[in-house]
Student: 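Sharing a structure with you now.
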Amino acid sequence: MKTNTIMWNKNRITDLLGIEYPILQGPFGGGLSTVELTTTVSNLGGLGGFGAYTLSPQEIYDTHKAIQSKTDKPYNLNLWVSDHDIINEEYTKEQYQKAVETFKPYFDLLNTAIPGLPPSFESRFQNQLNVIFDIKPKVFSFMFGLLNENLIEDLHRQGTIVLGNATTLNEAIALEKTGVDIIVASGFESGGHRPSFLDQAELSTTGTFALIQLIKDSVKIPVVAAGGIANGRGIAGAFKLGADAVQIGTAFLATEESGALPLHKEFLFSDAAQSTTLTRAYTGRLGRGMTTKISRDVLAATDKTLPFPLQTHFMGELRKAALEQQKNELVFFWAGQIAPLLKHKKASTLMKSLIEEASELLNT
């Protein structure tokens with residue numbers, strides 16, 4: 001007697017997004033995303049991602065056109081709703097003094113002058129969002145907050161599928177109420193920034209596999225598992241627990257096609273990747289990367305950093321000097337906890353491996 005084969009890669013997310021495989025590439029910010037990586041993943045049937053929160057409106061427009069010139073498949077364009085943590089000038093000055101006291105030993109170690117107070121920062125989000133309505137991408141995702149329900153309705157009217165990022169159950173419920181189509185459940189294991197928005201990031205550290213189950217039992221819309229997934233086994237585990245898709249970051253960050261520095265990629269395949277830490281020391285927002293001397297020493301530096309993104313600028317000179325002097329123990333590289341399992345250095349090889357392994361484990 002014949003039984004019907006159930007294909008793991010055909011579900012409501014693949015139908016909604018118009019993709020062949022429910023595998024999303026993490027949309028890296030800060031120059032780590034590239035047109036080549038995004039289009040490689042999309043052309044192989046997944047959903048490539050491009051993090052645009054640092055880009056000007058014109059740069060977003062140009063990037064969109066460059067991606068369209070290399071693929072006719074959908075891709076995910078990502079922005080940050082809250083792109084700074086600056087309260088006021090007085091608070092910034094106070095935090096600058098604390099940052100100088102805390103990080104002076106590391107600048108001294110590199111014989112590098114401590115930079116002055118970084119220039120202020122004006123939010124770019126509204127102008128960036130205007131471009132989303134101009135270019136009308138098939139898929140748009142956002143982090144660090146909620147979008148107004150009317151805005152989401154407007155995005156739907158122009159044919160854009162909307163994804164929101166949650167680090168807790170309450171954030172997922174809040175996102176569903178605003179009308180997003182899909183929730184990306186960002187677990188504690190993930191590399192990069194923790195996109196929490198209802199509570200402190202330090203209090204929003206649920207693991208991926210717990211988070212999927214919590215959200216799945218409480219919302220009706222599809223859920224994407226993000227964090228701690230780099231192979232077919234991880235995909236299979238996420239699907240067994242109720243995920244409709246996975247988002248993979250660190251494994252794609254390590255590929256030749258990403259915008260990460262060669263040294264960063266080298267470290268992702270080294271013993272250094274065995275230890276990762278959540279820290280605010282480098283950007284002012286909590287994020288996971290490879291453990292360094294600084295992240296060990298100032299683990300509890302929550303109140304001793306400048307507001308994001310001013311801390312990023314403040315630490316920029318230190319990073320530059322450390323790279324020039326090859327003092328790699330002072331350089332912070334983003335990485336998720338799954339990094340020690342990385343195997344593939346080309347995005348196409350990684351994508352094919354993910355599909356083959358997941359198919360073997362999930363097709364019944």
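Bear in mind that the values here come from a model prediction, so they are computed numbers and not experimental data. Heads up: numbering here begins at 1 and tracks the sequence. Excluded from the calculations below are hydrogen atoms, water molecules and symmetry mates; all remaining heavy atoms, backbone and side chain alike, are included.
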Student: Applying the side chain to side chain donor-acceptor pair (under 3.5 Å) test to S196, which of T168, T167, N165, T205 qualifies?
Tutor: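 Of all the options given, the one that passes is T167.
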Student: Provide the closest heavy-atom pair for H313 versus P118 in the form atom of the first, atom of the second, distance.
Tutor: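 Minimum heavy-atom contact is CB-CB, 4.1 Å.
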Student: Is it the case that atom CZ in R12 sees more than 12 heavy atoms from other parts of the structure closer than 6.0 Å?
Tutor: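 Yes, CZ of R12 has more than 12 neighbouring heavy atoms, counting only those of other groups under 6.0 Å.
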Student: Give a yes or no answer on whether the side chain of E357 reaches the backbone of G232 with a donor-acceptor pair at less than 3.5 Å.
Tutor: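 Such a contact is found between E357 side chain and G232 backbone.
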Student: Using a 4.5 Å cut-off on heavy atoms from C-beta on, say whether the side chain of K345 contacts that of K265.
Tutor: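 When only atoms from C-beta onward are counted, K345 and K265 do not touch, as no gap falls below 4.5 Å.
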Student: Decide yes or no for H84 and E122: does some side-chain heavy atom of the first lie under 4.5 Å from some side-chain heavy atom of the second?
Tutor: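 In short, these two side chains do not touch, never coming nearer than 4.5 Å.
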Student: Is T38 close to T63 at the side-chain level, that is, under 4.5 Å between some pair of heavy atoms?
Tutor: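 Side-chain contact under 4.5 Å: no.
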Student: Please verify the inter-ring angle class for W80 with Y53; under 30° counts as parallel, over 60° as perpendicular, anything in between as tilted.
Tutor: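 Judged by the thresholds at 30° and 60°, the geometry between W80 and Y53 is parallel.
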Student: Tell me whether Q325 contacts the main-chain N or O of L110 through its side chain, where contact means a donor paired with an acceptor under 3.5 Å.
Tutor: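 Looks like yes, one N/O pair under 3.5 Å.
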Student: Is there a donor-acceptor pair closer than 3.5 Å between any side-chain N or O of H193 and the backbone N or O of P195?
Tutor: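 No, because the side chain of H193 does not come within donor-acceptor range (under 3.5 Å) of the backbone of P195.
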Student: Return yes when atom CG of D15 has more than 12 non-hydrogen atoms of other residues, nucleotides or ligands closer than 6.0 Å, and no otherwise.
Tutor: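 Result for CG/D15: enclosed.
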Student: State whether E89 and K93 are salt-bridged, where the test is any N-O pair (Lys NZ or Arg NE/NH1/NH2 against Asp/Glu carboxylate O) under 4.0 Å.
Tutor: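 Answer for the salt bridge query: yes.
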Student: Counting N and O atoms only, with roles assigned by atom type, does the side chain of E176 sit under 3.5 Å from a partner on the main chain of K220, one being a donor and the other an acceptor?
Tutor: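 Indeed, once roles are kept as given, a pair shorter than 3.5 Å links the two residues.
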Student: Is R157 salt-bridged to D154, going by a charged N under 4.0 Å from an acidic O?
Tutor: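 Between D154 and R157 there is a salt bridge, with a charged N closer than 4.0 Å to a carboxylate O.
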Student: Which pair of heavy atoms, one from E257 and one from A347, lies closest together, and at what distance?
Tutor: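 Closest pair (atom of E257, atom of A347, distance): OE1-N, 2.9 Å.
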Student: Might you point out which heavy atoms bring N76 and S141 nearest each other, and give the distance in Å?
Tutor: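 Heavy-atom minimum between the residues: OD1-OG, 2.8 Å.
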Student: Considering only heavy atoms from C-beta outward, does the side chain of L310 approach that of I86 to under 4.5 Å?
Tutor: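 They are in side-chain contact.
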Student: Are more than 12 heavy atoms, taken from residues, nucleotides or ligands other than F133, located less than 6.0 Å from that residue's CZ atom?
Tutor: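 Yes - once you tally the heavy atoms of other residues, nucleotides and ligands closer than 6.0 Å, there are more than 12.
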Student: So, does E189 use its side chain to make a donor-acceptor pair with the main chain of F209 at under 3.5 Å?
Tutor: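 Answer holds: no.
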Student: Should L268 and L350 be counted in the same cluster of Ile, Leu, Val, Met, Phe, Trp and Tyr side chains packed under 4.5 Å apart?
Tutor: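 Yes; L350 is reachable from L268 via cluster members.
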Student: When clusters are formed by joining ILVMFWY residues with side-chain heavy atoms under 4.5 Å apart, either directly or through shared neighbours, do I182 and L147 land in the same one?
Tutor: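 As far as the 4.5 Å side-chain criterion goes, L147 and I182 are not connected within one cluster.
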Student: Is there a path from L155 to F125 through hydrophobic residues (I, L, V, M, F, W, Y) whose side chains come within less than 4.5 Å of each other?
Tutor: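 Yes, because L155 and F125 connect within a single hydrophobic cluster, where side-chain heavy atoms sit under 4.5 Å apart.
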Student: Should the heavy atoms of other residues, nucleotides or ligands under 6.0 Å from NZ of K216 be counted, would the total exceed 12?
Tutor: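 Result for NZ/K216: enclosed.
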Student: Restricting to non-hydrogen atoms, name the atom on V184 and the atom on A226 that form the minimum distance, rounded to 0.1 Å.
Tutor: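 Nearest heavy atoms, V184 then A226: CG1-CB, 3.8 Å.
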Student: Grab the two heavy atoms, one from P74 and one from S42, that are nearest each other, plus how far apart they are.
Tutor: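 P74 and S42 have their closest heavy atoms at O-OG, 2.8 Å.
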Student: Are the side chain of T160 and the backbone N or O of P137 linked by a donor-acceptor pair below 3.5 Å?
Tutor: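 Confirmed, T160 side chain pairs with P137 backbone.
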Student: Please check: side-chain N/O of T279 versus main-chain N/O of A281, any donor-acceptor pairing under 3.5 Å?
Tutor: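 Answer holds: yes.
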Student: Kindly compute the distance separating OG1 (T276) from CE (M290), expressed to the nearest 0.5 Å.
Tutor: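 Here the interatomic distance stands at 9.0 Å.
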Student: Tell me whether D85 contacts the main-chain N or O of P307 through its side chain, where contact means a donor paired with an acceptor under 3.5 Å.
Tutor: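 Side chain of D85 to backbone of P307: no pair is present.
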Student: Is it true that K177 and E149 make a salt bridge, defined as a side-chain N closer than 4.0 Å to a carboxylate O?
Tutor: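 Here K177 does not pair with E149 in a salt bridge, since their nearest N and O are not under 4.0 Å apart.
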Student: Counting C-beta onward and ignoring hydrogens, is there a side-chain heavy-atom pair between F308 and F121 closer than 4.5 Å?
Tutor: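 No; the side chains remain at least 4.5 Å from each other.
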Student: So, for A230 and L342, which heavy atoms are closest and what is the spacing to 0.1 Å?
Tutor: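 So the minimum-distance heavy-atom pair works out to CB-CD2, 4.1 Å.
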Student: State, yes or no, whether a side-chain contact exists between L163 and F142 at a heavy-atom distance under 4.5 Å.
Tutor: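 No, too far: nothing below the 4.5 Å cut-off.
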Student: On the 0 to 90° scale, with breaks at 30° and 60°, tag the F332-W334 ring pair as parallel, tilted or perpendicular.
Tutor: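 Ring orientation of F332 relative to W334: perpendicular.
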Student: Quick one: does S295's side chain have a donor or acceptor within less than 3.5 Å of a partner on T277's backbone?
Tutor: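 Such a contact is absent between S295 side chain and T277 backbone.
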Student: Less than 6.0 angstrom separating the ring centers of F314 and F107, yes or no?
Tutor: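 So the answer is yes for these two rings.
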Student: Determine whether V81 and M143 satisfy the following criterion, side-chain contact (heavy atoms from CB on, under 4.5 Å), listing intermediate values before the conclusion.
Tutor: CA-CA 6 Å; V81 175; M143 304 162 58; over 6 Å; no
Student: Any link between V139 and L37 through a network of hydrophobic side chains (Ile, Leu, Val, Met, Phe, Trp, Tyr) touching at under 4.5 Å?
Tutor: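 No, because V139 and L37 fall into different hydrophobic clusters, even though each may have its own neighbours under 4.5 Å.
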Student: Heavy atoms, side chains only, cut-off 4.5 Å: are V41 and L47 in contact?
Tutor: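 No, their side chains stay 4.5 Å or more apart.
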Student: For I60 and Q128, run side-chain contact (heavy atoms from CB on, under 4.5 Å): C-alpha distance rounded to whole Å, both residues' side-chain angles, the deciding distance at 0.1 Å, then the answer.
Tutor: CA-CA 8 Å; I60 294 172; Q128 291 172 329; 3.7 Å; yes
Student: Does some side-chain heavy atom of R233 sit less than 4.5 Å from a side-chain heavy atom of L341?
Tutor: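 Side chain of L341 against side chain of R233, heavy atoms only: contact under 4.5 Å found.
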Student: So if you build clusters from Ile, Leu, Val, Met, Phe, Trp, Tyr with side-chain heavy-atom gaps below 4.5 Å, do I135 and I152 land together?
Tutor: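 Yes, it is one cluster - the side chains of I135 and I152 are joined through contacts under 4.5 Å.
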Student: Without hydrogens or angle criteria, can the side chains of H344 and S353 be said to hold a donor-acceptor pair below 3.5 Å?
Tutor: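 Side-chain D/A pair, H344 to S353: present.
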Student: Looking at F144, I'd like to know if the NZ or CZ of R194 sits under 6.0 Å from its six-membered ring centre while staying within 45 degrees of the ring's axis.
Tutor: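 Verdict for F144: no cation-pi partner in R194.
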Student: Would you call K293 and E329 a salt bridge, using N to O less than 4.0 angstrom?
Tutor: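 Judged by the 4.0 Å cut-off on N to carboxylate O distance, K293 and E329 do not form a salt bridge.
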Student: Using side-chain contact (heavy atoms from CB on, under 4.5 Å), reason through L354 and I235 one step at a time and then give a plain yes or no.
Tutor: CA-CA 8 Å; L354 293 169; I235 295 172; 4.0 Å; yes
Student: If you count heavy atoms of other groups shown closer than 6.0 angstrom to NZ of K104, is the number above 12?
Tutor: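 Result for NZ/K104: open.
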Student: Report yes or no: does E171 contribute a side-chain atom to a donor-acceptor pair with the main-chain N or O of L198 at less than 3.5 Å?
Tutor: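 Present.
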Student: Kindly determine whether L175 and F197 satisfy side-chain contact (heavy atoms from CB on, under 4.5 Å), including the steps that lead there.
Tutor: CA-CA 11 Å; L175 284 164; F197 60 89; 4.2 Å; yes
Student: Are the aromatic rings of F50 and H64 close, with centres under 6.0 Å apart?
Tutor: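 Ring centroids of F50 and H64 are no less than 6.0 Å from each other.
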